[in-house]
Amino acid sequence: MDAVVSPDPATKPLRAALVGNPNCGKTSLFNQLTGSRQKVANYAGVTVERKEGALTTPGGRKIRLLDLPGAYSLSATSPDEDVTRDVCTGRHAVEPRPDLIICVVSATNLALHLRFLLELCQIGRPIMVVLNMMDEAERIGLTIDVPGLASALGLPVVPAISLRRSGVTHLLEALDRPDPPPPAPIPEGADLHAEVAALIGRYTNALSLRGDRLADRLDRWFLHPVWGPVILLVVLFFMFQTVFAWAQPVMDALEAGITALGEILLSPLPQGLLRSLLADGVIAGAGTVIVFLPQILILFLWILALEESGYLPRAAFLLDRIMALAGLSGRSFIPLLSSFACAIPGIMAARTIQNPRDRLVTILIAPLMTCSARLPVYTLLIAAFVPHRTVGGIFGLQGLVLFALYFVAIVSGIVAARLMTRGVTSDEHPLLLELPPYRRPNLRSLALGLWQRAVMFLSRVGTIIVSLNVLLWALSSFPAPPAGATGSAIDYSLAGMIGHWMLPVFAPVGFNWQICVSLIPGLAAREVAVSALATVYALGATEDSAATQLTPLLSAHWSMATAFALLAWYVYAPQCISTLAVMRRETRSLKVVIGAAAYLFGLAYAAAFLTYHATLALTG
Ligand SMILES: Nc1nc2c(ncn2[C@@H]2O[C@H](COP(=O)(O)OP(=O)(O)OP(=O)(O)O)[C@@H](O)[C@H]2O)c(=O)[nH]1
Ligand SMILES: [Mg+2]
């Protein structure tokens, strides 16, 4: 439906859509204009679905703004770019055609981005051009004759720096002016490349500029066939060392604080159910998981900094050969890398992959990439069973084991992908991978990103983790033991019974019944396994043990073989219902989900079995 009659501005908001090439700053602009906090990062393909927001201009105009996935052209075929094309051309199932297209163009990459703009001109909608990244243009000495370019294009062109609030004032002013008419279509068969080259030659000094010398120098090292992989390995290695080394003092302080708080809260309470619920359910549940916040934040600090720096796509480029070994292309790298934070955004990011087979295999191996929810399980067991010792004088043994766990998971992912693709390399062209400019991570956005992560983690603790733990507490406390019973109360409870029922299945891999119990709530969120163990052990203990002291308890009760078997289990097990749900949504196939769960459980069981028996044989 075409808006022939101009809508009443007081009631009907203008529908505007942000469209442009990947990584030109659409989402940054969207966040700046609407006050949202959508994910921004320095590589192509961050946004994979449309997001909506609202704003009111200084002149009082109401706008409904749409952030769309970046696209290279309107004829692209990957699922994320389909959304952009369908919305722009009015073929989207639910989203009506926008009243105004705000085409975002990076000033530093005009050759590519203007071409897409010319293509957009063909669809006959009103267009406003935002010339973004003007700060970077200035830094490299690029000057643009903005009025000249605007008149040549026949479109309004507004310079912007979407990192700053002050950088979008011109755009807000422009949005208060009457909408531009749709551009005149470019004649059929016109050479868009030549047109763009002419525009650049005429209205900018780009041709006389030398490229970014610093980027060239950095690339010479980072993309070097030998030094490149060495640097990547060192970066990852250092990352895992810091997870233990930097976090420990803060974790100790947190643990002491939680124990003290627990004592203050519990001391006025008499022995009994309420006290047990608070101590063994709530405090044990929340406390044991909150302690891991510093480690999770350190890991995210690294991920966020790497994302902003522009290094990640280079790593993808380096690993292209390894990806080829697995039968995949470098395109799968970013989705897999996102899975280290959480498999859910990782699986969604696979929408950027055009080839359906590659996309499916990437989705299937994404859960093998170690998500941050496994970190509490890993570090708890490592702290309890791996001595705090240095190796070769500099490397912490604990960090080394953590690195090894991540490494084993990656290798397993590659092997699994190779089996699934039967080693046949995909036809997805690796060179399509775009190398973004290097950028110093902005401290404010790093801090904001960490803050968001902390809030997300704590709200998970406050909601799902505590409620599951309270549920587990109830299952572990009832039914009460019969009069005259001798063992600890939990042995007679429902949870105790379930644990004992499961035991025959898991005894061969070295798990005790307490672990079996903790595996169940761990299905909802992996971290819960840790708090669940705390609850089970706290209730099983005869004295009033502090729940945050799980580490010494485990090293006293478990053999090293059991601990290592559980670590191996967690490397593989599809212990997360939400991941399976997203897999189902993205692949629209229950068969794929069942297949994925089966192969991951099979792997987990086999790995735990082998690890258990190998460790037993080695440790006697
Ligand atoms: N220097 C500078 N950097 C910017 C500006 N706008 C965005 N960025 C950075 O550019 C990168 C990409 O920004 P995004 O907003 O994620 O880009 P996008 O267009 O949404 O990318 P896709 O969702 O992948 O299509 C991030 O590193 C931003 O911090 C700007 O005006 N100046
Ligand atoms: Mg985006």
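Just follow the structure's listing: the first ligand is 1, and inside any ligand the first atom is 1.
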Do Arg177 and Glu173 meet the salt-bridge criterion of a basic N to acidic O distance under 4.0 Å? no

Scan for salt bridge (charged side-chain N to carboxylate O under 4.0 Å, His left out) pairs involving residues 338-347, sequence neighbours excluded, and state none if there are none. none

Between Arg15 and Glu95, does any side-chain N to carboxylate O distance fall below 4.0 Å? no

Tell me how many protein N, O or S atoms are closer than 2.8 Å to the Mg ion (ligand 2). 2

Does Phe222 have Arg314 sitting over its ring (NZ/CZ under 6.0 Å from centre, angle to axis within 45°)? no

Is Arg50 paired with Asp86 through a side-chain N to carboxylate O contact shorter than 4.0 Å? no

Taking atom CG of Leu175 and atom NE2 of His170, what is their separation to the nearest 0.5 Å? 13.0 Å

Less than 4.0 Å from some atom of ligand 1, heavy atoms are found in residues Pro22, Asn23, Cys24, Gly25, Lys26, Thr27, Ser28, Val40, Ala41, Asn42, Tyr43, Ala44, Gly45, Val46, Thr47, Gly70, Asn132, Met133, Asp135, Glu136, Ile161, Ser162, Leu163, Glu308, Arg439

For the residue pair Arg374 and Tyr406, would you count it as a cation-pi contact if the rule is NZ or CZ under 6.0 angstrom from the ring centre and within 45 degrees of the ring axis? no

Euclidean distance, Thr57 OG1 relative to Leu33 CG, rounded to 0.5 Å: 10.5 Å

Only distances under 3.5 Å count here; give the side-chain donor-acceptor pairs of residues 333-348 to other protein atoms, sequence neighbours excluded, each with its distance to 0.1 Å.
from, atom 1, to, atom 2, distance (Å)
Ser338, OG, Ile334, O, 2.9
Ser339, OG, Pro335, O, 2.9

